[in-house]
Amino acid sequence: MAMNSQGRPSRPVHGVDPGAYPDTFSGSRGLDQAEPLLFERGELNNTGVDLPELKGTPSRLGTFERDANMGMPGLSEPEAMRHYVRLSRKNYAIDLGLYPLGSCTMKHNPRLNEKMARLPGFIDVHPLQPESTVQGALEVMGELAHWLITLTNTKAVALSPKAGAHGELCGMLAIRAALDAKGQTHRRRVLVPESAHGTNPATAAQCGFICDEIPADDTGRVDLAALEAKLGDDVAGIMLTNPNTCGLFERDIIKIADLIHKSGGYFYCDGANFNAIMGRVRPGDLGIDAMHINLHKTFSTPHGGGGPGAGPTVFSEALAPFAPVPYVIQEGETWRLVEQEADAEGEPFGRMVAFHGQMGMFTRALTYMLSHGSDGLRQAAEDAVLNANYILARLKSVMTPAFDGTCMHEALFDDRFLKDTGVTTLDFAKAMIDEGYHPMTMYFPLVVHGAMLIEPTETESKSGLDRFCDTLIGLAEAAKGGDKDRFLAAPIHAPTKRLDETRAARTPVLRWTPEAAE
Ligand SMILES: *Cc1c(COP(=O)(O)O)cnc(C)c1O
């Protein structure tokens, strides 16, 4: 059988079971076109530009003159453009539909945010401009800092970290600097609940700490007795998420903060789930010392194709002196950036980034805050929790909730409802793709077997949630009814079918190599 580079038949195939090969010759379906790599589509001898041959000018490149084709894909402008537009159409996005990834808070990004961020006075500024010419931009940063500090009841904020994980690094470096300043260099053990997001232990290790895992109790929360048993004078602190990654509020959080503080450690709170409590609870009142806030989660800025995240980190009174530069201050009517450690009031541990952070995201996040107001932000948190509980209530008779009772902003199920069906969490998620739904977060948190973590956020309507729940109920009933094939073959309607995920992870092909270089 003649195959193209993607393993699809390139000519009609006769006398073969129609199920054994994709159902079109081209690999395209409807008007959704198959897309080879740019290198496969291009021809080495073509070029998108025509430059005249140089006449009468001797080359001055000497031995550096290229003697072989450099191997760039040769495509015209429309061919190159179409390649990327076709790829973009295969991308799933919050602008296309519900994105129920738990822990990720994939909420609608209001268009008002985009409009404000594109104002020439914001979009055209450069980080090296004199301060006097960017007073408005600095005021945006100052105002955003004020909102973040007020919402969390903390003392200082570093706006510069560029992701939640980067914010964790910022917070833990401040903790390390505070311990070092007290001469407590022996405090190097960090307590991390076993339900924690993987970035928490990774951050602690990156800062030179040793991680010590605290087990969860059978209600999905930190086991307080186990935590107490682990305290000691080598403990630097705890990294705790609240609401936690099981979608539950840590009821004993004030007790946990007291225990950590009494034993001489600091409390790092992973604030990725702040959307569930913003405007309702101030983490500073719960005793936290540092917490990052994912602007791309809670404050509706785009997650952005792996791009422009922002993870400002707030600090308690105890850690504020160690917060990094730069930060903005207001002197009378004038805004100023404190850029140098020597000019700072406390003892900053250094800086996180070359410049000042993601200015475009600061503008979007502040737009969100100002358009909602403090009451609107609280309402968003309440609606997020209400939506998650609606899903939990509708699905709990056919799927199996991991824990009893109500949840916060995300509903967590385990795979007990799939027992003896031959269908796994992964198969179930793949079948959702065929139904037009991006899967929920799977197999996380690790403390729950075959976990399915669903976070609808506040921006979904009741009818949208009902369509989603009806689909999941249909799938759960199909699995229990023995319709295993529907799941094992899924996704059958996606451009790419079931992948060999183990091979993709173990032997990734990250580089295109030409078959025969000229
Ligand atoms: C998203 C998330 C992080 C990491 O944030 P990034 O912005 O993706 O780096 C950390 N902890 C939890 C619980 C999260 O959900």
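As the structure lists them, so they are numbered: ligands from 1, and atoms in each ligand from 1.
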**Q** Less than 3.5 Å apart, N/O on ligand 1 and N/O on the protein: could you list those pairs with the distances?
**A**
unit_1, atom_1, unit_2, atom_2, d
ligand 1, 5 (O), Asn294, ND2, 3.0
ligand 1, 7 (O), Gly164, N, 2.7
ligand 1, 7 (O), Asn294, ND2, 3.1
ligand 1, 7 (O), His296, NE2, 2.7
ligand 1, 9 (O), Gly164, N, 3.2
ligand 1, 9 (O), Ala165, N, 2.8
ligand 1, 11 (N), Asp270, OD1, 3.3
ligand 1, 11 (N), Asp270, OD2, 2.5
ligand 1, 15 (O), Ser103, O, 2.7
ligand 1, 15 (O), Ser103, OG, 2.7
ligand 1, 15 (O), Lys297, NZ, 2.8

**Q** Who passes side chain to side chain donor-acceptor pair (under 3.5 Å) against Thr185, sequence neighbours left out?
**A**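 So Thr185 forms no side chain to side chain donor-acceptor pair (under 3.5 Å) with any residue.
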
**Q** State whether a side-chain donor-acceptor pair under 3.5 Å links Asp414 with Thr400.
**A**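 Indeed, the side chains of Asp414 and Thr400 share at least one donor-acceptor pair under 3.5 Å.
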
**Q** Quick one: do the Glu250 and Asn244 side chains pair a donor with an acceptor below 3.5 Å?
**A**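 Checked: Glu250/Asn244 side chains pair up, N/O donor to acceptor below 3.5 Å.
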
**Q** Looking at Ser300 and Lys107, what are the two nearest heavy atoms and their distance?
**A**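 Minimum heavy-atom contact is CB-CD, 3.9 Å.
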
**Q** For the aromatic rings, using the six-membered ring if either is Trp, is the centroid distance between Tyr266 and Phe322 under 6.0 Å?
**A**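 That pair fails the under 6.0 Å test.
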
**Q** Answer yes or no: is there an ion pair linking Asp427 with Arg498, defined by an N-O contact shorter than 4.0 Å?
**A**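 Here Asp427 pairs with Arg498 in a salt bridge, since their nearest N and O are under 4.0 Å apart.
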
